[in-house]
Amino acid sequence: MTSDHDPTAARSDAEPSERRDSEIRYDHRAIEAKWQAYWEEHQTFRTERRAGREKRYVLDMFPYPSGAGLHVGHPEGYTATDIMARFWRMRGHDVLHPMGWDAFGLPAEQHAIETGTHPSATTARNIQTFKRQLKMLGFSYDWSREIDTTDPGYVRFTQWIFLELYQLGLAFQAEVTVNWCPALGTVLANEEVIDGKSERGQHPVERRPLRQWMLKITAYADRLAQELVGLDWPAGTLAMQNDWIGRSEGAEAFFRIEGKTGTGDDAGFWIFTTRPDTLFGATYCVLAPEHPLVASLTTAERRAEVERYVIDAKNRAERERLAKKDKTGVFTGSYAVNPATGKPVPIWVADYVLWGYGTGAIMAVPAHDERDFDFAKKFELPIVEVVKGGDVARAAYTSHEVGELVNSGTLDGLEPPAAKKKITDWLEAEGLGRAKVQYKLRDWVFSRQRYWGEPIPIYFPVELDDPKGDPRAGAAHRIRYDQPVPLEAAELPLRLPELSDFKPGDDPAGPLARARDWRFFQKDGRWYARETNTMPQWAGSCWYYLRFLDPGNTAVGWSAEAERAWMPVDLYVGGAEHAVLHLLYARFWHKVLFDLGHVKDPEPFKKLVHQGMILGEDGEKMSKARGNVVNPDDIVRHYGADALRMYEMYMGPLEAVKPWQTSQISGVVRFRERVYALAHRPLVAECDEETRRLVHKTAKKVTQDVERMAFNTAIAALIVLTNHLMGKPEVPREALHVLTLCLSPFAPHLGEELWQKLGHTASLAHEPWPSWDEALTVDDTLEMGVQVNGKTRGTVRIARGADAAAAEAAARAVDGVAQQLAGKTVKKFIYVAGRIINFVVG
RNA sequence: GCGCAGGUGGCGGAAUUGGCAGACGCGCUGGAUUCAGGUUCCAGUGGGGUAACUCCUGUGCGGGUUCAAGUCCCGCCCUGCGCACCA
């Protein structure tokens, strides 16, 4: 080691503060606290919208503040957005980077049932914890825009949007079959029902029609699918939304019941098919068990069996029905007439036909549909080939593109696409059918029989048996649910009543039904009853990104001016678990608001990124039960916020699922210590050529990596620069300057501390991001691999612009290469400037 | 079953249009510093072989295209996630 590489050499002529590296300790607790206080005091991240600036709206999926506090998964996405927010701020853009709380929801209510603590108290406490933890991580949120979906000032506008939907006829009531658990006194989601019993408590669950509020999202199905095109979203998420909407083109056709005439409701039934071209091959029909015609179609001798089957099917939860299994079904004893062949076909009832999709009835074409094929085999129903191309004795031939129609009258000889068109036209001409677009997407059940949610701002007239009776005191009454009355906008927010008992009761109306003084009220001498269902947790998150634009506005949810200034969201980061529901619901609301002229864009989220899940050290999903949960508080206390931030970004690509490894944190901690130690070495004005080039290359690499959110490789580049500088007893000022600025989005506390050491008095948060000289990022000479027959035999350093002859001469001189070429003829010489040299020999 | 993403050292992961596979970090090995070290620093580290250089081999598996394949094409296997009788 030469003396000028000896770190102790710097010590002799250094200032007292410039100790040897190993003595310098970065006190992360003190330094991080110091800068967090500074940012707060100076309102460093207060959002501004300035004329002539580009804007960036950088949004996290806001959290549900659970009692467990922050999880290491949360900071992953939040760090990514914070880096982008800080980067764009330094690029001179106006950045909106807010945070808030999606605070309605079941856990707080469950806690209330168990302990009697009001959900608002639990929520407030949890929010406090979350906020402390987020602040501890040094995120550059504009906290003056903090919002809470349970705040009456927020609820008011959630209810206002509901009323807008209602006025458009997009919010309506309907009887819906739901999973009702009498023991728990509530409706359960399909996921909460296992084998016909409640997941919690094993109580019996029945399928029961209940009055629910629905949102007519199906009215937007086409646009929700169509307008996915052009969004900068993960391909998988676009595909999932598309599948969820599930648009399919086909035809509806009327099957007359044998012995009846006309097309009336009891003369037959409508089926939906995507394969009208196979109509001649329909050898039987199937109705869903819920189909209203089942009872009347069933013949006397079949009745007992059919009724048993239908009752069984009804009691099976829908989820169970959807699970693939052996086909079951029963014959009704009746026949329908195939409109194409005029022949009678038997009508069956089977649960593989879903009541919730299409018309709940199908024509079965076993030769060309796998499900019908399985069913026909099992019940020995006829199979008639109508599209040539497969062996329908063995398996269904399902191509709807390739093949030739047979046994199909006038369709014979056509290919399926042409046959579809022709038969659909024929059906239409005969009044027996029409082209039809069908969606899997169903309308959205929007009510919950719960306390801790937004009250639905609707009330209903009450009819009293005794006109002088008081329904609050239990006077006999009927609530006219068929005559809903919306609240006036000026009456909002409709607040939740205080309750001491949050338990759901035996009344499917939910806990709010017990708040009689709240529920019943008189107006103009008449009694009314409020809706006692509340909105689902999705409601608040459907528009929170709009409230962030203008959170203090008490007149409207957001001003047009604020909306024009910031929308759409430029970058939205959150978990893939919300790929369908939240994002679909929010898009739906946004489109309605767009149609009403309340927002200017048809889509709210321009670019979407899902952070990958962080697994436990054992490679399994983190869970309390497994005991592999990592608590960010512990990590920050021990290693510091910057270390946690850098570690999570350095683990791998943001989108990747990756295991947590605490041992890996030491890598970024050492990096931080080395950078800090560098700042204590003497700074010098002059910079050697090699260092200068590396600085420019690093600035370029980090910039480009941050732009594509490749944070792991950006940090690697910063480590390379740091390692290079560690070899220097004196640090070129410009090198430390660039390093500090490039590092600061990742490790903002360290960044500020170094910036101060560089002699600055203000925060670097709004300093211009480093630029670079392109010429300095390109080397004059470069090392190239030299191959013989594609195998690398050595390397050679040549001028960047060297011509083939020069390259060949240089390459031939390489030892290993010369040896390989000895005594052989070079058949071909390949030189791709800057990439490779290859000799092809015989 | 269908859709999407992925399979690279002991581990996390790098790798423009095909162009020196394994950047960077962890771990490990050796050395220096230290009273000591779970500190810091230096060197090494895909596997195999060798006294050494040379060498052989290597990106899930099997083929193919090419001067050249982690990357492109064909056929498989495996893992994760999502959907799952949607006619």
Side-chain angles (χ1 to χ4, degrees), chain A residues 1 5-8 20-25 234-240 242-244 246 248 250 271-275 278 286 319 321-325 327 350-354 356-365 368-372 374-375 438-442 576-577 579-580 610 612-613 615 647 650-653 655-668 670-671 673-674 677 704 710 712-713 715-720 723 726 783-796 815-816 819-820 827-830 832 834-841:
Chain A
M1 187 189 282
H5 277 247
D6 181 354
T8 58
R20 55 199 274 177
D21 298 344
S22 61
E23 289 171 3
I24 296 163
R25 281 289 168 277
T237 302
L238 293 174
M240 268 192 252
N242 209 50
D243 290 352
W244 190 264
S248 53
I271 60 100
F272 172 72
T273 180
T274 54
R275 297 298 305 276
T278 63
V286 184
R319 165 155 290 250
R321 271 182 67 182
L322 291 174
K324 208 168 199 164
K325 58 178 161 51
K327 297 272 182 296
D351 66 1
Y352 83 92
V353 172
L354 307 175
Y357 181 76
T359 58
I362 62 157
M363 66 173 198
V365 186
H368 305 291
D369 182 280
E370 282 173 25
R371 297 152 301 187
D372 298 343
D374 292 346
F375 193 82
Q438 191 62 240
Y439 300 92
K440 282 194 229 176
L441 184 68
R442 300 182 198 181
E577 66 273 18
V580 178
H610 299 304
M613 201 192 309
L615 306 173
Y647 169 60
Y650 192 58
M651 288 172 84
E655 305 82 1
V657 175
K658 44 214 177 273
W660 176 274
Q661 296 182 118
T662 299
S663 65
Q664 292 265 3
I665 296 177
S666 55
V668 290
R670 275 174 212 162
F671 168 53
E673 301 291 328
R674 283 203 298 273
Q704 293 181 341
N712 53 335
T713 51
I715 293 172
L718 292 167
I719 293 175
V720 170
N723 290 347
M726 284 302 283
E783 193 147 288
M784 283 176 62
V786 182
Q787 300 179 332
V788 177
N789 283 348
K791 280 196 179 126
T792 304
R793 299 295 177 179
T795 59
V796 64
D815 277 357
Q819 200 175 327
Q820 290 290 327
K827 289 203 294 199
K828 197 168 174 186
F829 173 72
I830 290 154
V832 181
R835 301 225 183 268
I836 203 73
I837 296 168
N838 191 8
F839 292 95
V840 183
V841 301

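Chain A is the first sequence line, chain B the second, and so forth, proteins listed ahead of strands; every chain is numbered from 1.
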Intra- and inter-strand pairing of RNA chain B, written as dot-bracket with Watson-Crick and G-U pairs under 3.5 Å and | for the latter, reads (((((((..(((......[....)))((((((.......))))))(((......)))..(((((..]....))))))))))))....
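- With sequence neighbours excluded, the residues satisfying salt bridge (Lys or Arg N to Asp or Glu O under 4.0 Å) with A/Asp369 are A/Arg371.
- A/Pro659 approaches A/Met651 most closely through the heavy-atom pair O-CE, 3.3 Å.
- Atoms NZ (A/Lys828) and P (B/U66) sit 10 Å apart, rounded to a whole Å.
- B/G9 adopts a syn glycosidic conformation, its chi angle falling within 90° of 0.
- Scored by the side-chain contact (heavy atoms from CB on, under 4.5 Å) test, A/Ile836 finds A/Gln787, A/Val832 as partners (sequence neighbours excluded).
- To the nearest angstrom, P of B/C4 lies 12 Å from CG of A/Leu238.
- A cation-pi arrangement is not found for A/Lys327 relative to A/Phe375, the charged atom failing to lie both closer than 6.0 Å to the ring centre and inside a 45° cone about the ring normal.
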Contact list (N/O, under 3.5 angstrom) for nucleotides 55-57 of chain B vs protein:
residue : atom : partner  : partner atom : Å
B/C55   : OP1  : A/Arg793 : NH1          : 2.9
B/C56   : OP1  : A/Arg793 : NH2          : 3.4
B/C56   : OP2  : A/Arg793 : NH1          : 3.2

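- Partners of A/Thr792 by side chain to side chain donor-acceptor pair (under 3.5 Å), not counting sequence neighbours: none found.
- Between the C1' atom of B/G19 and the CZ atom of A/Phe839 lies a distance of 15 Å, rounded to the nearest Å.
- Note: CG (A/Leu441) to P (B/A84) measures 13 Å, nearest angstrom.
- Listed nucleotides B/A87, B/C85, B/G3 differ in distance to A/Lys327; the shortest reach to its side chain belongs to B/C85.
- Using a 4.0 Å heavy-atom distance criterion, A/Gln438 is classed as making no nucleic acid contact.
- The distance between atom CZ of A/Arg25 and atom P of B/U40, rounded to the nearest whole Å, is 7 Å.
- Listed by chain and number, the residues in a side-chain contact (heavy atoms from CB on, under 4.5 Å) with A/Ser248 are A/Phe272, A/Thr274, A/Tyr357, A/Gln438 (sequence neighbours excluded).
- Residue A/Thr795 is in base contact, counting any heavy-atom pair closer than 4.0 Å across all strands shown.
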Going 5' to 3' through nucleotides 10-15 of chain B and flagging B where a protein heavy-atom sits under 4.0 Å of the base, S where only the sugar-phosphate is that close, and - otherwise, we get -BSSSS
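- Remark: A/Glu655 pairs with A/Val609, A/Pro653 by the side-chain contact (heavy atoms from CB on, under 4.5 Å) rule, at least two apart or across chains.
- Out of B/C24, B/G3, B/A21, the shortest distance to the side chain of A/Ala239 is found at B/G3.
- Under the side chain to side chain donor-acceptor pair (under 3.5 Å) criterion, A/Thr713 pairs with A/Asp705, not counting sequence neighbours.
- Whole-Å rounding puts the A/Ile830 CD1 to B/G18 P distance at 15 Å.
- Between A/Arg674 and the phosphate of B/U39, there is no side-chain N or O to OP1/OP2 separation shorter than 4.0 Å.
- Residues passing the side-chain contact (heavy atoms from CB on, under 4.5 Å) test with A/Asp243: none are found, sequence neighbours excluded.
- Toward the 5' end of RNA chain B, the nearer of the two residues A/Ala716 and A/Ser666, judged by each one's closest nucleotide, is A/Ala716.
- OP1 or OP2 of B/C26 sits under 4.0 Å from a side-chain N or O of A/Arg670.
- The backbone N or O of A/Thr662 lies less than 3.5 Å from no partner atom in the side chain of A/Tyr647, so there is not a single donor-acceptor pair.
- One atom, CG of A/Asp369, and another, P of B/G1, lie 18 Å apart when rounded to the nearest Å.
- Rounded to an integer number of Å, the gap from A/Met726 CE to B/C24 P is 16 Å.
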Can you tabulate the close N/O pairs, meaning under 3.5 Å, that link protein atoms to atoms of nucleotides 7-9 of chain B?
none

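- Note on A/Asn242: every side-chain N or O is 4.0 Å or more away from OP1 and OP2 of B/C4.
- Residues passing the salt bridge (Lys or Arg N to Asp or Glu O under 4.0 Å) test with A/Lys658, sequence neighbours excluded: A/Glu76.
- For B/G82 and B/C76, the P atoms lie 26 Å apart once the distance is rounded to whole Å.
- When heavy atoms are screened at a 4.0 angstrom cut-off, A/Ser248 is found touching the sugar-phosphate backbone but no base atom.
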